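Written out below as structure tokens is the structure these notes cover.
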Amino acid sequence: MEYRFAEIEEKWKKKWEETQLYRVVEDPSKKKFYALSMFPYPSGAGLHVGHPLGYIACDIYARYKRLKGYNVLHPMGFDAFGLPAEQYAIETGTHPAQTTAKAIQRYKEQLNKIGFSYDWNRQIITCEPGYYKWTQWIFLKLFNSWYNREKQKAEPIETLIKFFSSQGCTTEWRQFNPELHETFSAEDWNNFSFNKKERILQYYRLAYRSFTDVNWCPALGCVLANDEVKDGKSERGGFPVERKKMRQWSLRITEYAERLLSGLEQLKWSESIKEQQKNWIGKSEGALIEFRIKNHHIGLTVFTTRPDTIFGATFVAIAPEHDLLQIITTPEQEKEVQKYLTYVKSRTDVERQQEKKVTGCFTGAYAIHPFTGAELPIWTAEYILSGYGTGAIMGVPADDERDKKFAEKFNIPVIEIIDKSMYPNAGIEDKVGIMINSDFLNGMEVQDAIELMLKKVEELKIGKRKTNYKLRDASFSRQRYWGEPFPIRYQVHGEADSPFIDEQSEDEANIPIALDESELPLELPPVESFKPTGDGRSPLAHNKEWVTKKYETDTMPGYAGSSWYFLRYTDPHNQSAFASKEKLDYWGQVDLYIGGSEHAVGHLLYARFFTKVLFDLGYLSFDEPFLRLVNQGMIQGRSAFVFQVTEEKKFISANLLNGNEQGRFIACDISLVDNDKLDIEAFKRWRPEYADYIFITDDEQNFKVKREIEKMSKSKYNVINPDEVIAKYGADTFRLFEMFLGPIELSKPWDEKGISGCYNFLRKLWRLFYDHEGNWIVKDETPDKTELKSLHKLLKKVETDMEQLSFNTSVSAFMKCVNELTEIKCHKKTILEQLLIALAPFAPFITEELYEKLGHANSIHLAKFPQFNEEYLAEETFSYPVSVNGKLRANIDLPLDISEDEARERILELEAIQKWTDGKPIKKFIFVKGRIANIVV
RNA sequence: GCCGCGGUGGUGGAACUGGUAGACACGCAGGACUUAAAAUCCUGUGGCCCUAAAAGGCUGUGCGGGUUCAAGUCCCGCCCGCGGUACCA
């Protein structure tokens, strides 16, 4: 009987579904394990071979854990709200719900072919009202909470209201938000109107609406979060992004900066992802220092991480957007400053990033140096960012690269303050050296000077220690249709009190009112057009009923639903809670999370934030969602190109090109290429416009294409569809091969050449059970030592590999074991049975089939993973490599339990020893038992 | 620039705490079977030298140094590649 994978896989897919083999329920008698793959966004293009890599790895581990006796939660679902489906809807008019449903169906079909052990009963789809009801519910929790800095946790907004009504708000109050610019007494508070109170509360709510700078993408007609913008362009589509002030929703993630940072320590994540999150959060410790302004009563506060360098400060610079700029600019400089501001505004973000010009303008004002009393000119410059620190700096040209350039350009004096002669390799900004020209700091090491200056500044009350973070609040509204509606309605304007938070607002100037939980889900209504309105409002504004009801017309961003989906899997059908406490407590944190590293600062940070908030509010008993994170590498495609000669109807084979030809490379579909050879006729059918072109072939009549490794994508015609691979070799081979390609973290091109090795392996395995004539050749005999050793060597290897997810080496070990068993003609049942169980996570179909043939009524996937036994691995003799001065000379078999002295005797008895040592006396005899023997002469 | 990761045969990649570098697979070469091809099986396969052959020798993990009886692995100084990030004070 031959190994007929198609039949086998069809048979078991059906059976598994019928018997609900992978259904999992909470079972307190068993230890739980939660293995999760990042759920996909189902695009119309379907899966390519790169997508399942992480899923397969996760599935192997989940299956392994199950064999090890764990109760394993291994769910799958779909991230279904988002831009691509909506862009498609705008182009075609098809409702995104339809496109999405179709794509999901396709994805599921493809996934099921690969033989995953998902419990599909737990499937979740983020765009279904049953799911997004709870996304909305969580939004309400965010809206109705504030961050208590004293207790370092989120609390219901009621506690803040209670505080205000009994204590009011003073500048001394730790929670006082300087953005508010307002203090009040308890009595004031109690007399405030509803709108006024709400306006103040907006400064504390974890989800709040404000008028702020946002990344506006005109082409997409919507706002983007910082992590959705790359190099001044939108991550999706690559459209230019502008800075714009808009009224919109944000999440106060900045309050969690410190916890998001310190929480990383305990996590088993890759260094690179942790590092990326750390950089994104961007903690830096320094000081706020106040400079008095000449002829003004106000002060100017700067942020610096180098207070020690203050004696080197020769100017002060503020951001062009700084509030004080207009106030301090002198009449003489007024014109210049206005001119400069016009210039700054004309510069787009992209321009700013590409050409970093040193520009600036003197304001005419002077700051008074707090120690020397010197008058420092105040400049405004575009290199000072309004969003970071205080938007103002003290310029120290001697010790800061940018300040130095600035001073050089505008002829500002430099005062050297640090002697770095002791550190010849130190850069200008390195925190080393001895202080000079710095009054009471002179002679000190930089590190000590920083500390002393911090103390001094606080003592003199001209500043204080301050920790700054780069992390910004997360933009949370999208002027889009295909997303979760906000459970918010606006209070109709028209009352006496001030409109809304920002005075600039012009329309629907209202206070946002949270819907009641009982009103959820607030379902997404139908609209006539999916096009953005063009005036910055979402397509929901087209829906009259929606507008009449004063609902928020923006929708939530893509990451809303994906920031908590892992919690919903624990209890996906719950109607009365996002998940029950018991189930959340049982399944707890995700033990293993596998997904792409592109989510390093987006999804992974938001998910941690949501988890922490829910933890603070008492809904969870853990505040980190993902204990261990593994990022699978990308599988790249090998794109193919044909060379077309300029202005001639001619293509030239790539191996004939010498680089002097004039022409261009045209991407060609890789399905038309076999072993770099193009099927010319097929190419002409694919691209009829080239039907009458001439193809110059090489001596062997072959037309070769140029290959290039690129990201796999439909537009590059280099996509490999897993369905095709599975049809050709079967899912088991596909799974093995994806793992065999290399470590999962590694990016590598898909090269199908090697797949035959994996396919052959399975056929060799099959041959251990059936001979060429199809006779069953498994015997019920007692295994001997060699056979046991071969098996247990494998079992041990697999077990250690599993914990490191080092699946490529495991697959190799299986190959080696099967080779060995084939060689010694081992067809013994006990050996083969254990081999199958160990292999089951990797190749679930073939192992299931053979296991049944061995006479088992139960599924192999419910078996127990065989425990390796060290005894079988023990050697009787060991072949000691004997080296002289580190150079290997011979291998000598010695009994394993031989003592060191005896071994030395035996080695020294060897005749050849004289030759090796050249007759020189032996100085030392190094004897590493079980490893090596080395003689030093 | 800064941060992180890496550099091993023709290729993908192995190598536990420093201890016989190149497991496993592909590819390639030779052989068996076959009229032939495919498939399958067997043998060989880092490079160089020597040999009729066997045996043997030298060399070899990006480059240059160092520590050690022993270095792909540790230390110092470079080079290159990938990923992230950037007027963040």
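Remember, predicted model here, so these are calculated numbers, not experimental data. Chain identifiers are assigned alphabetically (A, B, ...) following the order of the sequence lines, protein sequences preceding nucleic acid strands; residue numbering begins at 1 within each chain.
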How far does the [atom1] atom of [N] sit from the matching atom of [M], given to the nearest Å?
{"N": "B:C82", "M": "B:A70", "atom1": "P", "answer": "37 Å"}
{"N": "B:G46", "M": "B:A21", "atom1": "C1'", "answer": "10 Å"}
{"N": "B:G72", "M": "B:G6", "atom1": "C1'", "answer": "13 Å"}
{"N": "B:A15", "M": "B:C24", "atom1": "C1'", "answer": "12 Å"}
{"N": "B:G31", "M": "B:A37", "atom1": "P", "answer": "11 Å"}
{"N": "B:A39", "M": "B:C49", "atom1": "C1'", "answer": "40 Å"}
{"N": "B:A23", "M": "B:G4", "atom1": "P", "answer": "34 Å"}
{"N": "B:U8", "M": "B:U59", "atom1": "C1'", "answer": "15 Å"}

Completion exercise
Which of A:F761, A:F5, A:Y759 passes ring-ring contact (aromatic ring centres under 6.0 Å, His included) with A:Y729? It is A:Y759
Practice task
May I ask you to say what A:K753 touches in the nucleic acid, namely base, sugar-phosphate or nothing, with a heavy-atom cut-off under 4.0 Å?
Solution key: sugar-phosphate
Exercise for the section: Give one of base, sugar-phosphate or nothing for A:N819, where a contact means two heavy atoms less than 4.0 Å apart. Expected result: sugar-phosphate
N/O contacts under 3.5 Å, protein versus nucleotides 1-7 of chain B?
unit_1, atom_1, unit_2, atom_2, d
B:C3, O2', A:E275, OE2, 3.2

Strictly under 3.5 Å: I want the nitrogen or oxygen pairs between protein and nucleotides 38-43 of chain B, one per line.
unit_1, atom_1, unit_2, atom_2, d
B:U40, OP1, A:N760, OD1, 3.1
B:U40, OP1, A:R763, NH2, 2.7

Practice task
Under 4.0 Å from any atom of RNA chain B, heavy atoms only: list the residues of residues 737-752 of chain A that qualify, in numerical order.
Solution key: A:F740, A:L741, A:P743, A:L746
Exercise for the section: Dump the intermediate steps for side chain to side chain contact (heavy atoms under 4.5 Å, CB included) on A:D400 and A:T309, then the final yes or no. Expected result: CA-CA 10 Å; A:D400 182 283; A:T309 64; over 6 Å; no
Fill in the blank from the handout: Ranking A:Q276 and A:A392 by the position along RNA chain B of their nearest nucleotide, the one closer to 5' is A:Q276
Practice task
Would you mind telling me which residue lines up with the more 5' stretch of RNA chain B, A:V811 or A:G391, judged by nearest nucleotide?
Solution key: A:V811
Handout entry: Minimum side-chain heavy-atom gap A:L471-A:L605 below 4.5 Å
Key = yes
Problem - Check: A:L53 and A:L741 side chains under 4.5 Å, non-hydrogen atoms - result: no
Rounding to an integer number of Å, can you tell me how far [X] [atom1] sits from [N] [atom2]?
{"X": "A:E803", "N": "B:C16", "atom1": "CD", "atom2": "P", "answer": "18 Å"}
{"X": "A:K470", "N": "B:A89", "atom1": "NZ", "atom2": "P", "answer": "6 Å"}
{"X": "A:K816", "N": "B:A14", "atom1": "NZ", "atom2": "C1'", "answer": "10 Å"}
{"X": "A:E820", "N": "B:A25", "atom1": "CD", "atom2": "P", "answer": "11 Å"}
{"X": "A:Y388", "N": "B:U85", "atom1": "OH", "atom2": "P", "answer": "17 Å"}
{"X": "A:I384", "N": "B:C88", "atom1": "CD1", "atom2": "C1'", "answer": "10 Å"}
{"X": "A:L794", "N": "B:C24", "atom1": "CG", "atom2": "C1'", "answer": "13 Å"}
{"X": "A:M394", "N": "B:C88", "atom1": "CE", "atom2": "P", "answer": "15 Å"}

Handout entry: OP1 or OP2 of B:A89 under 4.0 Å from side-chain N/O of A:S284
Key = yes
Exercise for the section: Tell me whether the OP1 or OP2 atom of B:A14 has a side-chain N or O from A:N808 closer than 4.0 Å. Expected result: yes
Fill in the blank from the handout: Base-pair string, RNA chain B, Watson-Crick plus G-U, cut-off 3.5 Å on both distances, | for inter-strand, is (((((((..(((......[....)))((((((.......))))))((((......))))..(((((..]....))))))))))))....
Practice task
Verify the distance criterion only: is there a donor paired with an acceptor across the side chains of A:N468 and A:S284 at less than 3.5 Å?
Solution key: no
Practice task
Check the side chains of A:Y469 and A:E258 for a donor-acceptor pair under 3.5 angstrom, ignoring hydrogens and angles.
Solution key: yes
Exercise for the section: Kindly assign one of parallel, tilted or perpendicular to the pair A:F807 and A:F842, based on the angle between their ring planes and the thresholds 30° and 60°. Expected result: perpendicular
Exercise for the section: Just label B:G62 as syn or anti from its O4'-C1'-N9-C4 or O4'-C1'-N1-C2 angle, using within 90° of 0 for syn. Expected result: anti
Completion exercise
Tightest non-hydrogen contact, residues A:G286 and A:L454, listed as O-CD2, 4.0 Å
Completion exercise
Shortest non-hydrogen pair, A:A600 vs A:I273, comes out as CB-CD1, 3.5 Å
Practice task
Check ring pair (Phe, Tyr, Trp, His ring centres under 6.0 Å) between A:W379 and all other residues, then give those that pass, not counting sequence neighbours.
Solution key: A:F362, A:F406, A:F410
Handout entry: Those residues that, when tested against A:H369, pass ring pair (Phe, Tyr, Trp, His ring centres under 6.0 Å) (two or more places apart)
Key = A:F311
Problem - Heavy atoms from other residues, nucleotides or ligands near NZ of A:K405 exceed 12 (cutoff 6.0 Å) - result: no
Exercise for the section: Step through the shown structure and confirm whether more than 12 heavy atoms of other residues, nucleotides or ligands are within 6.0 Å of CD on A:E803. Expected result: yes
Problem - Short N-O contact, A:K464 and A:E290, less than 4.0 angstrom - result: no
Problem - Salt-bridge criterion met for A:E2 and A:R763 (N-O under 4.0 Å) - result: no
Practice task
Start with the C-alpha gap between A:K748 and A:E738, add the side-chain angles, then the distance that decides, and say whether salt bridge (charged side-chain N to carboxylate O under 4.0 Å, His left out) holds.
Solution key: CA-CA 10 Å; A:K748 54 242 156 185; A:E738 289 244 340; over 6 Å; no
